[in-house]
Structure formats: C-alpha cells, structure tokens
> 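Can you keep this structure in mind? I'll have questions shortly.
Just so you know, these numbers come straight off a predicted model, no measurement behind them.
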Amino acid sequence: MTFDVVVIGAGAAGLMCAAQASYAGRRVLLLDHANKAGKKILMSGGGRCNFTNLATTPQHFYSENPYFSISALKRYRPEHFVELVERHGVDYVEKAPGQLFCATSAKDIVHVLLTECDWAGVDVQLKTRIDRVERNGEGMRLTTSSGCIDAGVVVVASGGLSIPTMGATGFGYDIARQFGLEVLPTRPALVPFTLSEPWKSRFAELAGVSVEVSVSCRDKSFLDPMLFTHRGISGPAMLQISSVWQPGDALTLDILPGEDAGEALRYARETTPKRQLSTWLGERFPKRLVQALMSWYVDTQEGRPLAQYSNAELDAWATRLNAWELKPSGTEGWRTAEVTLGGVDTAAISSKDFSVKDLPQLRFIGEVLDVTGELGGFNFQWAWASGVACGQAC
C-alpha cells in the first residue's frame, strides 16, 4: 500500500490534518490502534466538548518555546472552526466567556471531522497496530498489523499520556526519540490535586461543595471555582494551577476573592458587634463549608459575638480566607489529567508545516508536541490549528 500521507492518530489533530491533506489533493491514510475515532473528544467537556475558545492567543499556552504556536494559531483561528461546525449544523453554547461547547453532545464534533474526512476521501483504518516506522529513501515506511505501508509523509498525531484508559501511550515520543529528537519531560496537566492528612479527611466531608477562589502558585493566578472531592481539590481553578504547580509547592488560596477579609471583619465587629462569626461566614459561603471552617479553627468559645474577637484573631481569620496556604501531596496523575505538559521539543520542528527540520517527510502535531493550553478549549484550538497548518502543507 502506498499513500502520499499517513497520519498516525485519529484524534482531534489527526482527523483535522487528514481531511485538510486530502482536500489538498493528497492520497491520505489515517491510522489508529483504537476501535473508535475521536475517543478523547467524546469524553471531553463532560461529554459536551469545549471545542474552542474565542479568546485564543499564544499567551494561553505553555511551552519551552512560547513563540512556536504563534504562526499556526494566527492562520487558523477560533472563528474558522466555528464556521465549520455551523456549516455542519451543530448547535453550540457559550458556557463561560469565550468557551464554546456542543449544545447536545461531543459526538457532533467527531461526526463533523469524520464527515470531512469522508468528503475529502481519507482512508480511515482503525484497530491497526503500528510496529515500526522507518525512513525509506525520500519517504517513509510503516510496518503495521495490516501489512507494510509506504508513505511520502508520516504525520504523528498520537497525543500525549493523559487518560491511558482512552488508549493514550508514549508511542509518539518513542518515534521522536528514534529519529534523534529530544522529548522534554512530561507530566500530567489540568489535573485534580490529592492531599495528605488531616486535609484529605477534612475535605472528603465537603465533597461536592464548590466555592469561587483565586489560586496562586509560581507567579501565576487563576480566578475560578474550586471543588472539594473525596481525594482532595478539583474544579477549574485547581486544574488551571496544576499546569504550573511542582511537587513540594504550596498553593495560596483566596476563598473570598475581591473582598479584604480583615477590613470586612473589623467593619462587621464595629457595626454589628453582637453578630457571630459563623453568621458572617454564612453570608459568604455554603453552609457545609462554614460548619467545617468553624470546626477546624474555632476554640470552645465559638459562640462569642464578633465584639469579643481581638485584632489578632480577626487577622488570623483574614489570612485563612484571603491567603490560605495549602500544600498538595500530589495530583491524581495520568488517570484523570486532561492533557500532557512537555513532549516533543519544538526546537527541531518547523512552525510553518510541522515537519522535522532535517527530515521533512516526518511531522508532529497536536498534544504530542511541547505545546499545552490552559483549560477552556485552548487545547482543541491548538489541535485544529496545527492539524490545518500541517495538512495543507503536506
């Protein structure tokens, strides 16, 4: 079997790349070891797929080379993908500013991509194991469970290590290393945190409670909801900060963002001296959280009115509310991580067509590269943009 382009990986980037290359007149084969295309798309966004973010800019991505993503993101913008889904009649909603989700199901996005591949004439071959990829003169040769395949260009769109139950493997990194490319250290990103005792038990009792927080770590801050879980803390704020957190780091939580707790408590003591602290907290937090805070921090005199709290005691509460330091024991790891930080070093990759600079018949796109977006549809936009840039240039 001979093809102009063989794309490895039927995920977001691979599907997009295959369709674009085929529309450009190439004979394209799309391979995947899974039994279904777009598995991670189907489970993303709670099954609704946050397929882009209208505010996409390179500043929302992590990479050793922050300039690498600029070219592709400029050429294929969120409005281009929106136009594509609208053309296919897909209804969508804006859940948070800029974050677009399918109105009904992530299946709609997979259907759009597979339809595009079908219209373009892509040969999609699932349940195919790839045993070897090697250079073959000016082209490439793949040894697979369905035989040998010759290709003018091989595009690796095999993704990262996140969610191994969806079939994620380090296959793309193995190919990169085989051809002498550096693979930067990988770690789980957009992932919940785990905690050690006593906080693990304390937070487990609050599982399901959500509160708006501003979380900071390593000069980065995010204002988003935080969710207490049986294992620790999750929610958008924690997923976001997990991309900059390193083992041993403490998180600084402001669970009263936008309010100076010290100032507000002093004002309350002055104007409503008979009010109890729990009442004041109850105006700001869910009941279960108030009860927990009181049980963690208050002595036997918890029935005291605010008038009986000293400045030092109010300052201590202000710190707990505006600058609560919490040190996670770790993260939930690859099992629940949405994406992979690190990956194939972009230093050896062309930002124009995603080819390996000394081996243009080999290309890498999507999550396998050292480009990782923040939460909110940015990683899908990177998949579309890198897939289009590579596919059109194959």
> When rounded to the nearest 0.5 angstrom, what distance separates CG in L29 from CG in D150?
11.5 Å
> Can you tell me which residue pairs pass the salt bridge (charged side-chain N to carboxylate O under 4.0 Å, His left out) test with a partner in residues 370-394, sequence neighbours excluded?
K220-E374
> Knowing that exactly one of L239, T229, L251 qualifies, which makes a side-chain contact (heavy atoms from CB on, under 4.5 Å) with F193?
L251
> Indicate yes or no: at least one non-hydrogen side-chain atom of N379 is less than 4.5 angstrom from one of E338.
no
> Among V6, D123, V154, which residue meets the side-chain contact (heavy atoms from CB on, under 4.5 Å) test with L31?
V6
> What are the two closest non-hydrogen atoms of S243 and Y62, and how far apart are they?
CB-CE1, 3.5 Å
> Do R266 and E270 meet the salt-bridge criterion of a basic N to acidic O distance under 4.0 Å?
no
> Report yes if some heavy atom in the side chain of R187 is under 4.5 Å from a heavy atom in the side chain of Q246; otherwise report no.
yes
> Ring pair (Phe, Tyr, Trp, His ring centres under 6.0 Å) between W382 and F378: does it pass, once the steps are laid out?
CA-CA 6 Å; W382 172 244; F378 298 109; over 10 Å; no
> Using distance alone, with no hydrogens and no angle criterion, decide if Q392 and Y23 have a side-chain donor and acceptor under 3.5 Å apart.
no
> What are the two closest heavy atoms between D4 and G25, and how far apart are they?
OD2-O, 4.4 Å
> Does the ring of Y309 carry R304 above it, NZ/CZ under 6.0 angstrom from centre and within 45° of its axis?
yes
> Looking at every heavy atom in both V133 and F171, which two are closest together, and how far apart are they?
CG2-CZ, 4.5 Å
> Only counting residues at least two apart or in another chain, list the ones meeting salt bridge (charged side-chain N to carboxylate O under 4.0 Å, His left out) with E79.
R77
> How about S355 and S350: does a side-chain donor come under 3.5 Å of a side-chain acceptor?
no
> What are the two closest non-hydrogen atoms of V5 and A21, and how far apart are they?
CG2-CB, 4.5 Å
> When you compare the side chain of L293 with that of R320, does any pair of heavy atoms fall below 4.5 Å?
no
> Are L306 and L321 joined in one hydrophobic group, where the rule is that I, L, V, M, F, W and Y side chains link up if heavy atoms are under 4.5 Å apart?
yes
> Could you measure the distance from the CG atom of N50 to the OH atom of Y92? Nearest 0.5 Å is fine.
13.5 Å
> Looking at R48 and D108, is any side-chain nitrogen of the basic one under 4.0 Å from a carboxylate oxygen of the acidic one?
no
> For residues Y173 and F364, establish whether the separation of their ring centroids is below 6.0 Å.
no
> Roughly how far apart are C17 SG and F354 CZ, rounded to 0.5 Å?
9.5 Å
> Show every donor-acceptor pair shorter than 3.5 Å between a side-chain atom in residues 230-238 and any protein atom, with sequence neighbours excluded, or say none if there are none.
unit_1, atom_1, unit_2, atom_2, d
R231, NE, E332, OE2, 2.9
R231, NH2, E332, OE2, 3.4

> Hey, could you give me the CD/CZ distance between Q291 and F285, rounded to the nearest 0.5 Å?
14.0 Å
> How close do G160 and A168 get, counting heavy atoms only, and between which atoms?
O-CB, 3.4 Å
> Could you tell me whether the side chain of F380 reaches within less than 4.5 Å of the side chain of I109, counting heavy atoms only?
no
> Going by atom types only, do Q125 and T144 share a side-chain donor-acceptor pair under 3.5 Å?
no
> Distance from D174 atom CG to I130 atom CD1, nearest 0.5 Å?
12.0 Å
> Would you say NE2 of H111 has more than 12 non-hydrogen atoms from neighbouring residues, nucleotides or ligands within 6.0 angstrom?
no
> A106 and I41: which non-hydrogen atoms are nearest, and at how many Å?
CB-O, 3.3 Å
> Say whether L227 and L206 are linked into one hydrophobic cluster, either directly or through other cluster members, by side-chain heavy-atom distances under 4.5 angstrom.
no
> Rounded to the nearest 0.5 Å, how far apart are NZ of K127 and NZ of K36?
11.5 Å
> Are F203 and F228 close enough that their ring centres sit under 6.0 Å apart?
yes
> Just checking E138: does its CD atom have more than 12 heavy atoms from other residues, nucleotides or ligands closer to it than 6.0 angstrom?
no
> Under 3.5 Å, is there a donor on one side chain and an acceptor on the other for K40 and S162?
yes
